[in-house]
Amino acid sequence: MELIMEQLPIVLHALNIGFLQTLKLFFVTLIGAAPLGLVIAFGSMSRFKPLSWLTKIIIWIIRGTPLMIQLLIVYYFPGLVFKNNIWGSGEAGRFLAASISFIINYACYFSEIYRGGIQNIPVGQEEAGLVLGMTKRQIFFKVKLLQMIKRVVPPMSNEIITLVKDTSLARIIALQEIIWAGQAFMKGSQGISGAIWPLFCAAFYYLIWSGLVTVLLGKLEKKLNYFR
Amino acid sequence: MAILEVEHVFKSFGRTAVLKDISFSMEKGQALSLIGSSGSGKTTLLRCLNFLERPDKGVIRVNGETLFDGMNGDTKRESEIRKKRLHFGLVFQSFNLFPQYTALKNVMLARELLEKEKEGYKARKKEIHQEIEGQAAELLKQMGLGEKMKRYPHELSGGQCQRVAIARALALHPDILCFDEPTSALDPELTGEVLRVMKELAERKMTMIIVTHEMDFARDVSDQVIFMDDGQIVEQGTPQQIFETPEAERTRQFLARYTEE
């Protein structure tokens with residue numbers, strides 16, 4: 001016990017650095033995937049059939065294969081097949097590769113949620129806008145968007161909480177996120193080896209973060225309760 | 001001159017012919033009731049006037065201006081249609097208010113968006129906004145909703161929602177206001193307040209086309225009545241002609257079913 005107390009500052013310092021990387025990946029994914037998902041949603045709803053098919057096939061592939069495989073392919077494919085490792089060898093390259101994989105993966109999941117949200121809005125809303133002389137664009141932004149957001153917040157909350165934990169998959173391409181940081185103490189790092197407890201600490205970070213996200217999204221959901 | 005002329009309008013959905021050679025005209029300031037059983041094409045006709053459906057053939061003219069001509073592709077273009085729609089207002093059976101806006105904002109929204117597109121909006125932004133708000137508030141007061149302006153649709157009864165929807169349509173000053181079974185989604189005790197408002201509009205000589213199953217209302221309030229059956233106009237005339245001395249057998253049968261009830 002005394003030993004753990006002694007080692008704790010070292011471990012927490014390492015975990016903090018790892019968690020910072022986890023958070024970075026979390027936010028980059030969210031900021032990138034939320035709008036990209038909308039673009040993909042419009043693609044899959046397009047009346048131009050080739051576009052909607054193409055989009056649906058992409059969504060099928062991305063949702064039908066493990067994110068871990070996508071990470072491995074995005075990171076290693078250019079180097080192994082074209083003998084050109086576009087990501088470089090450093091942490092920055094790994095982060096970029098991870099971000100791109102996560103954004104594409106999550107955008108596909110988001111797009112299906114958005115599509116459900118948009119298609120659930122009664123057709124009468126669009127018709128009311130049309131007879132009032134609004135353009136399709138105005139109808140989307142002024143009438144449908146907020147109704148869509150209200151509808152998608154609960155399912156999005158689920159995805160976002162999953163994302164908190166999914167970031168750990170980036171460990172597979174050696175992104176130095178919090179699990180990577182905790183695992184280092186199993187193998188041996190900074191004079192600590194064979195220690196499993198740092199991983200328990202890491203789990204605690206996830207718990208706190210997903211708890212915080214749950215509370216914040218719950219507040220948003222409540223805020224949108226002013227209309228039905 | 002007739003405010004509205006509809007000539008030889010045809011409309012099919014797939015193989016089902018819904019409107020078969022519809023022609024009629026109406027004068028400014030008249031209230032015209034469209035009656036007939038469900039599936040007779042009344043609602044489709046109204047939706048064609050508002051360009052929610054495109055007729056396959058035929059001509060629609062307002063104040064002598066051709067808004068739609070099945071033979072002329074230019075009149076079918078989306079950008080053109082948007083402006084032409086504004087000749088008509090439409091009140092839906094299911095209100096279709098925007099749930100995230102208050103009653104007042106529901107009435108103001110479309111006007112504001114239209115004003116924003118005009119030149120010199122930025123310079124007079126505040127002034128224009130106040131003007132629109134004032135007019136919207138005035139309309140809601142006329143609808144007896146002066147106390148409910150800041151309420152959201154889900155806080156209002158069906159009858160109140162429908163009156164907001166009428167105010168919203170009036171805010172754009174349409175030449176012709178259309179009603180698509182405006183009281184069909186309401187509890188019986190709430191239809192009265194909506195019909196009263198519509199009657200007031202008729203008395204103020206608002207030009208109106210009303211698809212309705214309220215026969216008493218059609219008889220008492222409208223200047224003209226059209227009876228439709230199976231996508232055709234069977235009979236058109238004054239309420240007296242249609243309700244007292246109908247000529248066609250189909251009209252008589254239809255009215256008999258209503259008076260029995």
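Here is how names work: the chains are called A, B, and so on, in the same order as the sequence lines, proteins then strands, and each is numbered from 1.
Heavy atoms from other residues, nucleotides or ligands lying under 6.0 Å from CZ of B/Arg54 number more than 12. Remark: A/Tyr76 OH is packed, more than 12 non-hydrogen atoms of other residues, nucleotides or ligands lying under 6.0 Å away. Within 6.0 Å of atom NE2 in A/His13, 12 or fewer heavy atoms from other residues, nucleotides or ligands are found, so the atom counts as exposed in its surroundings. Counted within 6.0 Å of CZ on A/Phe82, heavy atoms from surrounding residues, nucleotides or ligands total 12 or fewer; the atom is thus considered open.
Contacts between B/Lys116 and chain A at a heavy-atom distance below 4.5 Å involve the side chain alone, from C-beta outward. Proximity to chain A (any heavy atom under 4.5 Å) is restricted, for B/Leu97, to the backbone atoms N, CA, C and O. Proximity to chain A (any heavy atom under 4.5 Å) is shown, for B/Phe95, by neither the backbone nor the side chain. Proximity to chain B (any heavy atom under 4.5 Å) is restricted, for A/Gln138, to the side chain, taken from C-beta onward. Residue contact with chain A, scored on non-hydrogen atoms closer than 4.5 Å, involves the side chain of B/Glu117 exclusively. Within the 4.5 angstrom heavy-atom criterion, atoms from both the backbone and the side chain of B/Arg168 approach chain A. Contact of B/Leu114 with chain A is made through the side chain alone, with heavy-atom distances under 4.5 Å.
A distance of 11.5 Å separates CG of B/Asn96 from CD of A/Glu126, quoted to the nearest 0.5 Å. With values rounded to the nearest 0.5 angstrom, A/Lys150 atom NZ is found 10.0 Å from B/Gln100 atom CD. In this structure, CG on A/Leu146 lies 13.0 Å from CZ on B/Phe98, to the nearest 0.5 angstrom.
At distances below 3.5 Å, not a single donor-acceptor pair connects side-chain atoms of A/Gln147 with backbone N or O atoms of B/Pro99. Remark: side-chain polar atoms of A/Tyr226 are not paired, donor with acceptor, to backbone N or O of B/Tyr152 under 3.5 angstrom.
Partner of B/Leu90 under the side chain to side chain contact (heavy atoms under 4.5 Å, CB included) criterion, out of A/Leu130, A/Leu132, A/Val131: A/Val131 alone.
Listed here is the closest heavy atom pair of B/Arg82 and A/Met134: NE-C, 3.9 Å.
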